[in-house]
Amino acid sequence: MSEVGDIGRKAGRGLRWSLLGNLVMKAGSFGMSLILARLLVPEDFGVFAIALAATQFVIYINDAGVIAATVQWRGRLEEIASTATVVAILSSCALYGIFWVIAPFYASLAGSEDATWVIRILMATNVVYGLTAVRSAALMRRFEQDKLAWANLAGFVANASVSITLAANGAGAYSFAWGQLSGGVLTGVLVVALARIKIELGFDRVQAVRLLRFGLPLCVSLGIEGLLLNVDSVIVGDALGPVWLGFYLLAFNISSWVPGLIGTAVRYVALPSFSRLAEEGGPALRDGVRQAVPLLAGMVLPIAVLMGTLAPAVVEFLYGADWLPAAQVLRFLAIVMAVRMLTLLITDILAALGRTKATMWVNLSWAVALVPALMAGARLDGIQGAAVAHAVIAVVVALPLLTVALHRSGVPVAPVGAGLARPLLGAAVAGLVMVALSLVVDGAFTELCVAGGAGLLLFVLVVVPRAELKRLVRQRRATHARL
(Lines give C-alpha, C1' and ligand atoms only; values in the text may rest on other atoms or scores of the structure.)
Protein backbone atom coordinates (compact mmCIF):
# COMPACT_ATOMS: atom_id res chain seq x y z
CA MET A 1 0.00 0.00 0.00
CA SER A 2 2.91 2.37 0.66
CA GLU A 3 4.03 1.98 -2.94
CA VAL A 4 0.51 2.67 -4.21
CA GLY A 5 0.28 5.72 -1.97
CA ASP A 6 3.63 6.97 -3.22
CA ILE A 7 2.48 6.57 -6.83
CA GLY A 8 -0.70 8.49 -6.03
CA ARG A 9 1.26 11.29 -4.38
CA LYS A 10 3.64 11.64 -7.31
CA ALA A 11 0.81 11.42 -9.83
CA GLY A 12 -1.17 14.07 -7.96
CA ARG A 13 1.77 16.44 -7.96
CA GLY A 14 2.39 15.78 -11.65
CA LEU A 15 -1.27 16.34 -12.48
CA ARG A 16 -1.37 19.64 -10.60
CA TRP A 17 1.64 20.93 -12.52
CA SER A 18 0.25 19.68 -15.82
CA LEU A 19 -3.11 21.34 -15.18
CA LEU A 20 -1.46 24.59 -14.14
CA GLY A 21 0.79 24.63 -17.18
CA ASN A 22 -2.05 23.77 -19.53
CA LEU A 23 -4.34 26.36 -17.94
CA VAL A 24 -1.80 29.11 -18.52
CA MET A 25 -1.14 27.90 -22.06
CA LYS A 26 -4.84 27.63 -22.91
CA ALA A 27 -5.51 31.09 -21.56
CA GLY A 28 -2.64 32.35 -23.67
CA SER A 29 -3.84 30.39 -26.71
CA PHE A 30 -7.30 31.85 -26.28
CA GLY A 31 -5.89 35.36 -26.18
CA MET A 32 -3.74 34.62 -29.21
CA SER A 33 -6.72 33.22 -31.14
CA LEU A 34 -8.72 36.38 -30.43
CA ILE A 35 -5.91 38.51 -31.81
CA LEU A 36 -5.33 36.29 -34.86
CA ALA A 37 -9.07 36.15 -35.60
CA ARG A 38 -8.93 39.91 -36.09
CA LEU A 39 -5.70 39.92 -38.08
CA LEU A 40 -6.56 37.01 -40.39
CA VAL A 41 -9.57 35.92 -42.44
CA PRO A 42 -11.47 32.60 -42.26
CA GLU A 43 -9.63 31.36 -45.37
CA ASP A 44 -6.30 31.63 -43.52
CA PHE A 45 -7.72 29.49 -40.72
CA GLY A 46 -8.93 27.02 -43.33
CA VAL A 47 -5.50 26.71 -44.97
CA PHE A 48 -3.89 26.24 -41.58
CA ALA A 49 -6.51 23.62 -40.65
CA ILE A 50 -5.53 21.56 -43.70
CA ALA A 51 -1.86 21.67 -42.75
CA LEU A 52 -2.57 21.07 -39.07
CA ALA A 53 -4.64 17.98 -39.87
CA ALA A 54 -1.58 16.41 -41.53
CA THR A 55 0.88 17.31 -38.79
CA GLN A 56 -1.46 16.33 -35.96
CA PHE A 57 -1.98 12.95 -37.59
CA VAL A 58 1.78 12.41 -37.95
CA ILE A 59 2.55 13.43 -34.37
CA TYR A 60 0.67 10.38 -33.12
CA ILE A 61 2.97 8.00 -35.04
CA ASN A 62 6.00 10.26 -35.10
CA ASP A 63 8.19 8.35 -32.62
CA ALA A 64 6.99 4.79 -33.44
CA GLY A 65 5.48 4.57 -29.95
CA VAL A 66 8.83 5.20 -28.23
CA ILE A 67 7.50 7.71 -25.69
CA ALA A 68 4.78 5.38 -24.43
CA ALA A 69 7.10 2.36 -24.52
CA THR A 70 9.74 4.27 -22.53
CA VAL A 71 7.25 5.45 -19.93
CA GLN A 72 5.82 1.95 -19.54
CA TRP A 73 9.26 0.19 -19.58
CA ARG A 74 9.55 -2.17 -16.62
CA GLY A 75 13.34 -1.92 -16.29
CA ARG A 76 15.87 0.90 -15.87
CA LEU A 77 15.60 3.80 -18.30
CA GLU A 78 19.34 3.78 -18.97
CA GLU A 79 19.01 0.30 -20.51
CA ILE A 80 17.05 1.57 -23.49
CA ALA A 81 17.76 5.32 -23.75
CA SER A 82 20.28 5.15 -26.60
CA THR A 83 18.33 2.58 -28.64
CA ALA A 84 15.02 4.38 -28.10
CA THR A 85 16.59 7.67 -29.19
CA VAL A 86 17.79 6.17 -32.47
CA VAL A 87 14.41 4.59 -33.19
CA ALA A 88 12.55 7.85 -32.51
CA ILE A 89 14.92 9.94 -34.67
CA LEU A 90 14.78 7.51 -37.60
CA SER A 91 11.00 7.34 -37.43
CA SER A 92 10.42 11.12 -37.30
CA CYS A 93 12.91 11.89 -40.08
CA ALA A 94 11.46 9.19 -42.35
CA LEU A 95 7.95 10.53 -41.87
CA TYR A 96 9.11 14.08 -42.57
CA GLY A 97 10.66 12.94 -45.86
CA ILE A 98 7.48 11.15 -46.88
CA PHE A 99 5.23 14.11 -46.15
CA TRP A 100 7.61 16.55 -47.85
CA VAL A 101 7.04 14.57 -51.05
CA ILE A 102 3.28 14.07 -50.74
CA ALA A 103 2.46 17.54 -49.36
CA PRO A 104 1.31 18.96 -52.75
CA PHE A 105 -0.97 15.99 -53.41
CA TYR A 106 -2.46 16.11 -49.92
CA ALA A 107 -3.07 19.88 -50.14
CA SER A 108 -4.77 19.49 -53.52
CA LEU A 109 -6.93 16.65 -52.18
CA ALA A 110 -7.99 18.81 -49.23
CA GLY A 111 -9.03 21.63 -51.56
CA SER A 112 -6.25 24.18 -51.06
CA GLU A 113 -2.92 23.97 -52.90
CA ASP A 114 -1.75 26.99 -50.87
CA ALA A 115 -1.31 24.66 -47.90
CA THR A 116 1.70 22.83 -49.41
CA TRP A 117 4.50 24.87 -47.87
CA VAL A 118 2.54 25.45 -44.67
CA ILE A 119 2.48 21.65 -44.29
CA ARG A 120 6.22 21.35 -44.90
CA ILE A 121 7.07 24.00 -42.33
CA LEU A 122 4.71 22.62 -39.69
CA MET A 123 5.95 19.07 -40.26
CA ALA A 124 9.46 20.13 -39.21
CA THR A 125 8.06 20.59 -35.70
CA ASN A 126 7.47 16.86 -35.52
CA VAL A 127 11.15 16.21 -36.31
CA VAL A 128 12.00 18.24 -33.20
CA TYR A 129 9.59 16.10 -31.17
CA GLY A 130 11.31 12.96 -32.46
CA LEU A 131 14.71 14.27 -31.41
CA THR A 132 13.48 14.91 -27.87
CA ALA A 133 11.06 11.96 -27.47
CA VAL A 134 13.08 9.93 -24.96
CA ARG A 135 13.84 13.00 -22.84
CA SER A 136 10.13 13.90 -22.69
CA ALA A 137 9.33 10.31 -21.72
CA ALA A 138 11.94 10.41 -18.96
CA LEU A 139 10.33 13.49 -17.40
CA MET A 140 6.88 11.86 -17.53
CA ARG A 141 8.21 8.57 -16.15
CA ARG A 142 9.76 10.40 -13.19
CA PHE A 143 6.57 12.46 -12.68
CA GLU A 144 8.54 15.66 -13.33
CA GLN A 145 5.66 17.35 -15.11
CA ASP A 146 6.71 20.69 -13.62
CA LYS A 147 9.75 20.73 -15.90
CA LEU A 148 7.65 19.80 -18.91
CA ALA A 149 5.20 22.56 -18.02
CA TRP A 150 7.93 25.22 -17.92
CA ALA A 151 9.41 24.02 -21.21
CA ASN A 152 6.01 24.07 -22.91
CA LEU A 153 5.18 27.51 -21.54
CA ALA A 154 8.45 28.94 -22.84
CA GLY A 155 7.72 27.40 -26.24
CA PHE A 156 4.25 28.92 -26.28
CA VAL A 157 5.62 32.40 -25.61
CA ALA A 158 7.90 32.00 -28.62
CA ASN A 159 5.02 30.63 -30.70
CA ALA A 160 2.69 33.52 -29.84
CA SER A 161 5.33 36.19 -30.41
CA VAL A 162 6.28 34.89 -33.85
CA SER A 163 2.69 34.12 -34.96
CA ILE A 164 1.23 37.50 -34.03
CA THR A 165 4.17 39.42 -35.46
CA LEU A 166 3.97 37.60 -38.78
CA ALA A 167 0.17 37.86 -38.96
CA ALA A 168 0.33 41.61 -38.38
CA ASN A 169 2.74 41.84 -41.30
CA GLY A 170 0.54 39.94 -43.73
CA ALA A 171 2.02 36.42 -43.53
CA GLY A 172 -1.43 34.78 -43.47
CA ALA A 173 -1.48 31.05 -42.69
CA TYR A 174 2.35 30.98 -42.62
CA SER A 175 2.23 32.93 -39.35
CA PHE A 176 0.78 29.83 -37.64
CA ALA A 177 3.40 27.53 -39.15
CA TRP A 178 6.51 29.55 -38.30
CA GLY A 179 5.14 30.29 -34.84
CA GLN A 180 4.63 26.63 -33.99
CA LEU A 181 8.04 25.65 -35.34
CA SER A 182 9.76 28.35 -33.28
CA GLY A 183 7.94 27.27 -30.14
CA GLY A 184 8.70 23.61 -30.76
CA VAL A 185 12.42 24.26 -31.13
CA LEU A 186 12.64 26.22 -27.88
CA THR A 187 10.60 23.60 -25.99
CA GLY A 188 12.83 20.84 -27.37
CA VAL A 189 16.03 22.56 -26.26
CA LEU A 190 14.66 23.03 -22.74
CA VAL A 191 13.41 19.42 -22.49
CA VAL A 192 16.86 18.08 -23.42
CA ALA A 193 18.48 20.34 -20.83
CA LEU A 194 16.01 19.50 -18.04
CA ALA A 195 15.86 15.73 -18.57
CA ARG A 196 19.49 15.28 -17.52
CA ILE A 197 20.05 12.22 -19.70
CA LYS A 198 23.36 11.92 -21.46
CA ILE A 199 22.87 12.07 -25.22
CA GLU A 200 24.15 8.78 -26.61
CA LEU A 201 23.29 6.99 -29.83
CA GLY A 202 23.34 3.22 -29.94
CA PHE A 203 21.27 0.31 -31.17
CA ASP A 204 20.51 -2.96 -29.44
CA ARG A 205 18.35 -5.20 -31.63
CA VAL A 206 16.80 -7.11 -28.71
CA GLN A 207 15.81 -3.92 -26.91
CA ALA A 208 14.52 -2.39 -30.14
CA VAL A 209 12.28 -5.42 -30.71
CA ARG A 210 10.90 -5.15 -27.18
CA LEU A 211 10.24 -1.44 -27.61
CA LEU A 212 8.57 -1.86 -30.98
CA ARG A 213 6.50 -4.86 -29.89
CA PHE A 214 4.82 -2.60 -27.36
CA GLY A 215 5.09 0.67 -29.25
CA LEU A 216 4.05 -0.18 -32.81
CA PRO A 217 0.48 -1.37 -32.06
CA LEU A 218 0.03 1.69 -29.85
CA CYS A 219 1.61 3.82 -32.58
CA VAL A 220 -0.90 2.49 -35.11
CA SER A 221 -3.71 3.03 -32.61
CA LEU A 222 -2.63 6.62 -31.94
CA GLY A 223 -2.22 7.21 -35.66
CA ILE A 224 -5.81 6.16 -36.20
CA GLU A 225 -6.75 8.38 -33.25
CA GLY A 226 -5.06 11.27 -35.03
CA LEU A 227 -7.03 10.39 -38.15
CA LEU A 228 -10.23 10.44 -36.12
CA LEU A 229 -9.43 13.91 -34.81
CA ASN A 230 -8.40 15.44 -38.11
CA VAL A 231 -10.11 13.60 -40.95
CA ASP A 232 -13.16 15.82 -40.59
CA SER A 233 -11.06 18.86 -41.53
CA VAL A 234 -9.98 17.19 -44.77
CA ILE A 235 -13.49 16.02 -45.64
CA VAL A 236 -15.15 19.35 -44.80
CA GLY A 237 -12.48 21.26 -46.71
CA ASP A 238 -12.90 19.07 -49.77
CA ALA A 239 -16.72 19.17 -49.71
CA LEU A 240 -17.35 22.78 -48.67
CA GLY A 241 -14.16 24.80 -49.24
CA PRO A 242 -11.81 26.71 -46.94
CA VAL A 243 -14.31 29.36 -45.78
CA TRP A 244 -16.77 26.88 -44.28
CA LEU A 245 -13.83 24.88 -43.02
CA GLY A 246 -12.76 27.99 -41.12
CA PHE A 247 -16.10 28.05 -39.29
CA TYR A 248 -15.85 24.34 -38.58
CA LEU A 249 -12.29 24.72 -37.29
CA LEU A 250 -13.34 27.49 -34.91
CA ALA A 251 -16.02 25.24 -33.37
CA PHE A 252 -13.59 22.33 -33.23
CA ASN A 253 -11.01 24.50 -31.48
CA ILE A 254 -13.53 25.55 -28.83
CA SER A 255 -14.56 21.94 -28.25
CA SER A 256 -10.87 21.01 -27.96
CA TRP A 257 -10.16 23.36 -25.07
CA VAL A 258 -11.11 20.78 -22.45
CA PRO A 259 -9.16 17.87 -24.03
CA GLY A 260 -6.26 20.24 -24.50
CA LEU A 261 -6.37 21.48 -20.93
CA ILE A 262 -7.52 18.52 -18.86
CA GLY A 263 -6.90 15.70 -21.32
CA THR A 264 -3.28 16.56 -21.99
CA ALA A 265 -2.60 16.95 -18.28
CA VAL A 266 -4.23 13.62 -17.49
CA ARG A 267 -2.29 11.82 -20.22
CA TYR A 268 0.99 13.13 -18.83
CA VAL A 269 0.33 11.18 -15.61
CA ALA A 270 -2.21 8.46 -16.52
CA LEU A 271 0.14 6.10 -18.38
CA PRO A 272 2.97 6.20 -15.81
CA SER A 273 0.48 5.97 -12.93
CA PHE A 274 -1.52 3.04 -14.25
CA SER A 275 1.69 1.33 -15.39
CA ARG A 276 3.04 1.45 -11.85
CA LEU A 277 -0.34 0.30 -10.46
CA ALA A 278 -0.36 -2.60 -12.93
CA GLU A 279 2.99 -3.68 -11.49
CA GLU A 280 1.40 -3.73 -8.02
CA GLY A 281 -1.36 -6.10 -9.16
CA GLY A 282 -4.97 -6.27 -10.32
CA PRO A 283 -6.80 -4.95 -7.22
CA ALA A 284 -4.77 -1.73 -7.14
CA LEU A 285 -5.35 -1.10 -10.83
CA ARG A 286 -9.08 -1.86 -10.65
CA ASP A 287 -9.50 0.50 -7.71
CA GLY A 288 -7.64 3.22 -9.57
CA VAL A 289 -9.88 2.81 -12.64
CA ARG A 290 -13.03 2.79 -10.52
CA GLN A 291 -12.08 6.16 -9.06
CA ALA A 292 -10.53 7.80 -12.12
CA VAL A 293 -13.30 7.37 -14.71
CA PRO A 294 -16.17 8.97 -12.71
CA LEU A 295 -13.83 11.72 -11.51
CA LEU A 296 -12.94 12.60 -15.09
CA ALA A 297 -16.61 12.51 -16.12
CA GLY A 298 -17.47 14.90 -13.29
CA MET A 299 -14.90 17.37 -14.63
CA VAL A 300 -15.85 17.09 -18.31
CA LEU A 301 -19.63 16.69 -18.50
CA PRO A 302 -20.68 20.10 -17.10
CA ILE A 303 -18.45 21.88 -19.60
CA ALA A 304 -19.77 19.73 -22.45
CA VAL A 305 -23.35 20.54 -21.43
CA LEU A 306 -22.62 24.28 -21.31
CA MET A 307 -20.96 24.21 -24.74
CA GLY A 308 -23.78 22.16 -26.22
CA THR A 309 -26.76 24.07 -24.86
CA LEU A 310 -25.35 27.60 -24.97
CA ALA A 311 -23.24 27.28 -28.13
CA PRO A 312 -24.53 30.47 -29.86
CA ALA A 313 -23.84 32.54 -26.76
CA VAL A 314 -20.36 31.03 -26.40
CA VAL A 315 -19.40 31.76 -30.01
CA GLU A 316 -20.92 35.26 -30.13
CA PHE A 317 -19.41 36.34 -26.81
CA LEU A 318 -15.93 35.09 -27.66
CA TYR A 319 -15.61 35.78 -31.37
CA GLY A 320 -18.49 38.02 -32.45
CA ALA A 321 -21.66 37.53 -34.48
CA ASP A 322 -19.72 37.03 -37.73
CA TRP A 323 -18.69 33.57 -36.49
CA LEU A 324 -22.18 32.37 -35.46
CA PRO A 325 -22.35 29.65 -38.18
CA ALA A 326 -19.87 27.76 -35.99
CA ALA A 327 -22.41 27.52 -33.14
CA GLN A 328 -24.49 24.70 -34.64
CA VAL A 329 -21.29 22.72 -35.14
CA LEU A 330 -20.20 23.29 -31.53
CA ARG A 331 -23.45 21.79 -30.18
CA PHE A 332 -22.52 18.35 -31.50
CA LEU A 333 -18.74 18.58 -31.18
CA ALA A 334 -19.30 19.09 -27.44
CA ILE A 335 -20.62 15.51 -27.36
CA VAL A 336 -17.57 14.31 -29.29
CA MET A 337 -15.37 16.10 -26.78
CA ALA A 338 -16.92 14.30 -23.79
CA VAL A 339 -16.59 10.90 -25.46
CA ARG A 340 -13.06 11.69 -26.54
CA MET A 341 -12.00 12.48 -22.98
CA LEU A 342 -13.27 9.14 -21.69
CA THR A 343 -11.68 7.22 -24.56
CA LEU A 344 -8.31 8.88 -23.97
CA LEU A 345 -8.30 7.73 -20.36
CA ILE A 346 -9.41 4.19 -21.24
CA THR A 347 -6.75 4.02 -23.95
CA ASP A 348 -4.06 4.86 -21.40
CA ILE A 349 -5.43 2.23 -19.01
CA LEU A 350 -5.28 -0.41 -21.73
CA ALA A 351 -1.76 0.68 -22.69
CA ALA A 352 -0.64 0.37 -19.07
CA LEU A 353 -1.91 -3.21 -19.15
CA GLY A 354 0.05 -3.87 -22.34
CA ARG A 355 -3.18 -4.23 -24.35
CA THR A 356 -2.06 -1.95 -27.16
CA LYS A 357 -3.51 -4.23 -29.85
CA ALA A 358 -6.98 -3.82 -28.32
CA THR A 359 -6.81 -0.04 -28.63
CA MET A 360 -5.60 -0.42 -32.21
CA TRP A 361 -8.61 -2.49 -33.24
CA VAL A 362 -11.06 -0.22 -31.44
CA ASN A 363 -9.71 2.90 -33.12
CA LEU A 364 -9.62 1.16 -36.50
CA SER A 365 -13.29 0.20 -36.19
CA TRP A 366 -14.10 3.76 -35.14
CA ALA A 367 -12.31 5.20 -38.18
CA VAL A 368 -13.96 2.76 -40.60
CA ALA A 369 -17.38 3.88 -39.36
CA LEU A 370 -16.53 7.59 -39.12
CA VAL A 371 -15.09 8.39 -42.55
CA PRO A 372 -18.16 7.50 -44.66
CA ALA A 373 -20.44 9.05 -42.03
CA LEU A 374 -18.55 12.35 -42.25
CA MET A 375 -18.62 12.34 -46.04
CA ALA A 376 -22.36 11.74 -46.08
CA GLY A 377 -23.04 14.28 -43.33
CA ALA A 378 -21.01 17.06 -44.96
CA ARG A 379 -22.74 16.61 -48.30
CA LEU A 380 -26.23 16.32 -46.85
CA ASP A 381 -26.15 19.14 -44.31
CA GLY A 382 -22.83 21.00 -44.57
CA ILE A 383 -20.70 21.60 -41.49
CA GLN A 384 -23.57 20.77 -39.13
CA GLY A 385 -24.10 17.42 -40.85
CA ALA A 386 -20.43 16.56 -40.42
CA ALA A 387 -20.61 17.42 -36.71
CA VAL A 388 -23.76 15.30 -36.22
CA ALA A 389 -22.06 12.33 -37.90
CA HIS A 390 -19.03 12.74 -35.65
CA ALA A 391 -21.19 12.74 -32.50
CA VAL A 392 -23.34 9.76 -33.51
CA ILE A 393 -20.37 7.54 -34.34
CA ALA A 394 -18.58 8.49 -31.11
CA VAL A 395 -21.56 7.47 -28.95
CA VAL A 396 -22.84 4.47 -30.92
CA VAL A 397 -19.52 2.92 -31.99
CA ALA A 398 -16.57 4.14 -29.92
CA LEU A 399 -17.91 3.94 -26.36
CA PRO A 400 -19.35 0.40 -26.61
CA LEU A 401 -16.18 -0.95 -28.23
CA LEU A 402 -13.93 0.55 -25.56
CA THR A 403 -16.18 -0.79 -22.82
CA VAL A 404 -15.84 -4.29 -24.25
CA ALA A 405 -12.04 -3.90 -24.56
CA LEU A 406 -11.77 -2.78 -20.94
CA HIS A 407 -13.87 -5.73 -19.76
CA ARG A 408 -11.79 -8.23 -21.75
CA SER A 409 -8.64 -6.80 -20.17
CA GLY A 410 -9.84 -7.91 -16.74
CA VAL A 411 -11.19 -4.57 -15.49
CA PRO A 412 -14.81 -4.85 -14.25
CA VAL A 413 -16.97 -2.21 -15.94
CA ALA A 414 -20.01 -2.47 -13.64
CA PRO A 415 -18.43 -0.46 -10.78
CA VAL A 416 -17.26 2.14 -13.31
CA GLY A 417 -20.76 2.41 -14.77
CA ALA A 418 -22.27 2.81 -11.31
CA GLY A 419 -19.86 5.62 -10.60
CA LEU A 420 -21.01 7.44 -13.75
CA ALA A 421 -24.65 7.58 -12.63
CA ARG A 422 -24.34 10.80 -10.63
CA PRO A 423 -22.37 12.76 -13.26
CA LEU A 424 -24.84 11.74 -15.99
CA LEU A 425 -27.83 12.73 -13.87
CA GLY A 426 -26.19 16.03 -13.00
CA ALA A 427 -25.48 16.70 -16.68
CA ALA A 428 -29.14 16.07 -17.61
CA VAL A 429 -30.44 18.40 -14.89
CA ALA A 430 -27.92 21.11 -15.73
CA GLY A 431 -28.76 20.91 -19.44
CA LEU A 432 -32.51 21.31 -18.84
CA VAL A 433 -31.95 24.33 -16.60
CA MET A 434 -29.59 25.98 -19.09
CA VAL A 435 -32.03 25.52 -21.98
CA ALA A 436 -34.96 26.89 -19.97
CA LEU A 437 -33.11 29.96 -18.72
CA SER A 438 -31.58 30.72 -22.12
CA LEU A 439 -35.10 31.25 -23.46
CA VAL A 440 -35.89 34.04 -20.99
CA VAL A 441 -32.65 36.06 -20.93
CA ASP A 442 -31.15 38.23 -23.67
CA GLY A 443 -27.55 38.87 -24.60
CA ALA A 444 -24.69 36.40 -24.92
CA PHE A 445 -22.88 37.48 -21.76
CA THR A 446 -26.06 37.49 -19.64
CA GLU A 447 -27.04 34.08 -21.00
CA LEU A 448 -23.67 32.60 -20.08
CA CYS A 449 -23.74 34.12 -16.60
CA VAL A 450 -27.36 33.33 -15.69
CA ALA A 451 -28.13 30.11 -17.56
CA GLY A 452 -24.60 28.74 -17.49
CA GLY A 453 -23.98 29.65 -13.86
CA ALA A 454 -27.26 28.16 -12.64
CA GLY A 455 -26.71 24.95 -14.59
CA LEU A 456 -23.17 24.48 -13.30
CA LEU A 457 -24.33 25.12 -9.72
CA LEU A 458 -27.03 22.48 -10.00
CA PHE A 459 -24.53 20.03 -11.47
CA VAL A 460 -22.32 20.43 -8.41
CA LEU A 461 -25.27 20.01 -6.03
CA VAL A 462 -26.37 16.80 -7.77
CA VAL A 463 -22.95 15.21 -8.28
CA VAL A 464 -20.99 16.09 -5.16
CA PRO A 465 -22.23 14.13 -2.10
CA ARG A 466 -23.83 16.25 0.60
CA ALA A 467 -21.29 15.14 3.20
CA GLU A 468 -18.46 16.26 0.92
CA LEU A 469 -20.14 19.64 0.35
CA LYS A 470 -20.50 20.16 4.11
CA ARG A 471 -16.85 19.24 4.61
CA LEU A 472 -15.78 21.77 1.96
CA VAL A 473 -17.94 24.49 3.55
CA ARG A 474 -16.44 23.80 7.00
CA GLN A 475 -12.95 23.82 5.54
CA ARG A 476 -13.62 27.16 3.82
CA ARG A 477 -15.00 28.69 7.00
CA ALA A 478 -11.97 27.49 8.97
CA THR A 479 -9.66 29.06 6.39
CA HIS A 480 -11.49 32.41 6.63
CA ALA A 481 -11.40 32.24 10.43
CA ARG A 482 -7.60 31.79 10.40
CA LEU A 483 -7.28 34.79 8.07
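The local environment of CH2 in W323 is crowded, with over 12 non-hydrogen atoms from other residues, nucleotides or ligands closer than 6.0 Å.
A ring-ring contact (aromatic ring centres under 6.0 Å, His included) check over residues 425-447, counting only residues at least two apart or in different chains, returns the pairs F317-F445. Pairs passing the side chain to side chain donor-acceptor pair (under 3.5 Å) check and including a residue from residues 440-458, sequence neighbours excluded, do not occur.
Residues satisfying the side chain to side chain contact (heavy atoms under 4.5 Å, CB included) test with I303, not counting sequence neighbours, are V258, M307. In this structure S136 satisfies the side chain to side chain donor-acceptor pair (under 3.5 Å) test with no other residue, sequence neighbours excluded. Legend: residues meeting side chain to side chain contact (heavy atoms under 4.5 Å, CB included) with L249, ordered by chain and number and at least two apart, are F45, A49, N253. In this structure Y319 satisfies the side chain to side chain donor-acceptor pair (under 3.5 Å) test together with S33, sequence neighbours excluded. Applying the side chain to side chain contact (heavy atoms under 4.5 Å, CB included) criterion to L380, with sequence neighbours excluded, gives no partner residue. Under the rule for a ring-ring contact (aromatic ring centres under 6.0 Å, His included), the partners of W100 that lie at least two apart in sequence or sit in another chain are W117. Scored by the side chain to side chain donor-acceptor pair (under 3.5 Å) test, S163 finds N159 as partners (sequence neighbours excluded). With sequence neighbours excluded, no residue forms a side chain to side chain contact (heavy atoms under 4.5 Å, CB included) with P294. Under the side chain to side chain donor-acceptor pair (under 3.5 Å) criterion, T359 pairs with S221, not counting sequence neighbours. Applying the salt bridge (Lys or Arg N to Asp or Glu O under 4.0 Å) rule to R408 yields no partners; only residues at least two apart in sequence or on another chain are considered.
In summary, of the residues considered (L406, V293, L350), a side chain to side chain contact (heavy atoms under 4.5 Å, CB included) with V411 occurs for L406 alone.
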